[in-house]
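This is a predicted model, so every value here is computed, not measured.
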Amino acid sequence: MADLDAPIFIVPYNPAWRSQFELERDMLADLLAPWLVGPIEHIGSAAVPGMPAKPIIDIMAAVKDLDASRAAIPSLEKAEYCYAPYRAEVEHWFCKPKPSARTHHLHLVPYASRVWNETLMFRDCLRREPATAQRYSDLKLRLADAHRTDREAYTEGKTEFVLGVVRGPGGK
């Protein structure tokens with residue numbers, strides 16, 4: 001699938017990302033209403049003011065559980081979201097409009113699960129701690145240069161840093 005994926009490019013922060021999230025959130029709130037049990041959150045680096053990021057709006061929506069929310073997949077596909085069984089044991093993952101030209105990522109995640117809590121904890125830490133955000137930005141830029149066409153390697157390269165932030169040294 002890697003050859004079908006868009007290459008990884010990190011760009012300067014764009015203040016329009018917030019309004020792009022808000023528009024998509026409003027559409028998703030209506031579309032996902034039968035499955036939502038909590039908020040729809042803007043996550044990822046584009047949700048951190050001033051942080052360079054891939055120009056992709058990352059969204060996490062709170063669902064009761066993965067079994068019940070599986071029924072949302074056809075509705076999301078009609079809204080141009082492409083489902084992929086990535087990390088299927090902890091979330092339903094989508095990209096829009098297609099893997100080779102992404103504008104949005106959507107994660108349906110059980111509300112208050114470990115993934116839900118750690119994702120928000122990491123985002124919030126980056127928002128309030130400029131030094132941590134800078135170290136993360138530097139890491140992402142190095143990884144994007146080294147793994148331009150390998151999203152798995154790019155993501156794996158960030159794991160230790162992320163776990164160190166949310167779980168403390170050693171990632172426990």
Side-chain angles (χ1 to χ4, degrees), residues 1-28 31-32 39-61 73 76-88 90-109 115-116 118-167 171:
M1 181 164 180
D3 57 335
L4 299 176
D5 282 341
I8 299 165
F9 289 102
I10 306 296
V11 302
Y13 178 75
N14 182 344
W17 289 338
R18 180 176 172 83
S19 60
Q20 291 169 0
F21 160 72
E22 291 168 351
L23 286 170
E24 198 72 7
R25 179 198 58 206
D26 293 347
M27 183 275 293
L28 288 169
L31 184 70
L32 294 173
I40 297 174
E41 296 280 353
H42 192 191
I43 61 169
S45 297
V48 180
M51 178 171 277
K54 296 185 306 289
I56 297 170
I57 307 303
D58 255 314
I59 301 168
M60 183 171 67
I73 294 172
L76 288 163
E77 288 173 341
K78 289 177 186 171
E80 297 185 349
Y81 278 94
C82 299
Y83 173 75
Y86 174 70
R87 299 181 63 205
V90 295
E91 68 178 279
H92 294 308
W93 186 91
F94 303 81
C95 67
K96 179 181 181 177
K98 57 188 176 180
S100 62
R102 303 167 185 218
T103 59
H104 297 76
H105 289 164
L106 173 63
H107 310 257
L108 300 186
V109 175
V115 169
W116 178 269
E118 288 181 351
T119 299
L120 295 179
M121 187 183 311
F122 185 68
R123 179 205 61 195
D124 294 347
C125 177
L126 295 178
R127 285 179 172 175
R128 76 175 174 272
E129 296 180 16
T132 302
Q134 185 60 57
R135 287 195 315 275
Y136 187 57
S137 291
D138 294 345
L139 173 63
K140 290 184 330 149
L141 289 166
R142 286 193 309 274
L143 291 169
D145 285 342
H147 304 292
R148 182 84 52 217
T149 59
D150 187 345
R151 284 182 179 272
E152 291 299 317
Y154 171 80
T155 300
E156 189 175 304
K158 298 185 297 182
T159 300
E160 184 178 340
F161 184 93
V162 173
L163 291 179
V165 170
V166 300
R167 297 182 188 170

Subject >> Heavy-atom pair of closest approach, residues A46 and I56 >> reply: CB-O, 3.7 Å
Original post:
Looking at P52 and I10, what are the two nearest heavy atoms and their distance?
Top reply: CB-CG2, 3.6 Å
**OP:** Would you confirm whether R151, through its side chain, and A6, through its main-chain N or O, come within 3.5 Å as a donor-acceptor pair?
**Re:** yes
Original post:
Do any N or O atoms from the side chain of S19 and from the backbone of A16 form a donor-acceptor pair under 3.5 angstrom?
Top reply: yes
**OP:** Check whether the ring centres of Y13 and W17 lie less than 6.0 Å apart, and answer yes or no.
**Re:** yes
Original post:
Do H147 and Y154 have ring centroids that are under 6.0 Å from one another?
Top reply: no
Subject >> Basic-acidic side-chain contact under 4.0 Å: K98, E80 >> reply: no
Original post:
Does a side-chain N-to-carboxylate-O contact under 4.0 Å join E24 and K96?
Top reply: yes
**OP:** Take atom CD of E129 as the centre, draw a 6.0 Å sphere, and report whether it contains more than 12 heavy atoms from other residues, nucleotides or ligands.
**Re:** yes
**OP:** Output every pair passing salt bridge (Lys or Arg N to Asp or Glu O under 4.0 Å) with a member in residues 46-59, not counting sequence neighbours, ordered by first then second residue.
**Re:** none
Original post:
Under 4.5 Å between any side-chain heavy atoms of W93 and L106, yes or no?
Top reply: no
**OP:** Could you check whether the rings of Y81 and H104 sit parallel, tilted or perpendicular, using 30° and 60° as the cut-offs?
**Re:** perpendicular
Subject >> Derivation of the side-chain contact (heavy atoms from CB on, under 4.5 Å) call for L120 and I43 >> reply: CA-CA 7 Å; L120 295 179; I43 61 169; 4.2 Å; yes
Original post:
Of R123, K158, K140, which is the lone residue that meets side-chain hydrogen bond (donor to acceptor under 3.5 Å, both in side chains) with S45?
Top reply: K140
**OP:** Determine, stepwise, if the pair I59 / H107 fulfils side-chain contact (heavy atoms from CB on, under 4.5 Å).
**Re:** CA-CA 6 Å; I59 301 168; H107 310 257; 5.9 Å; no
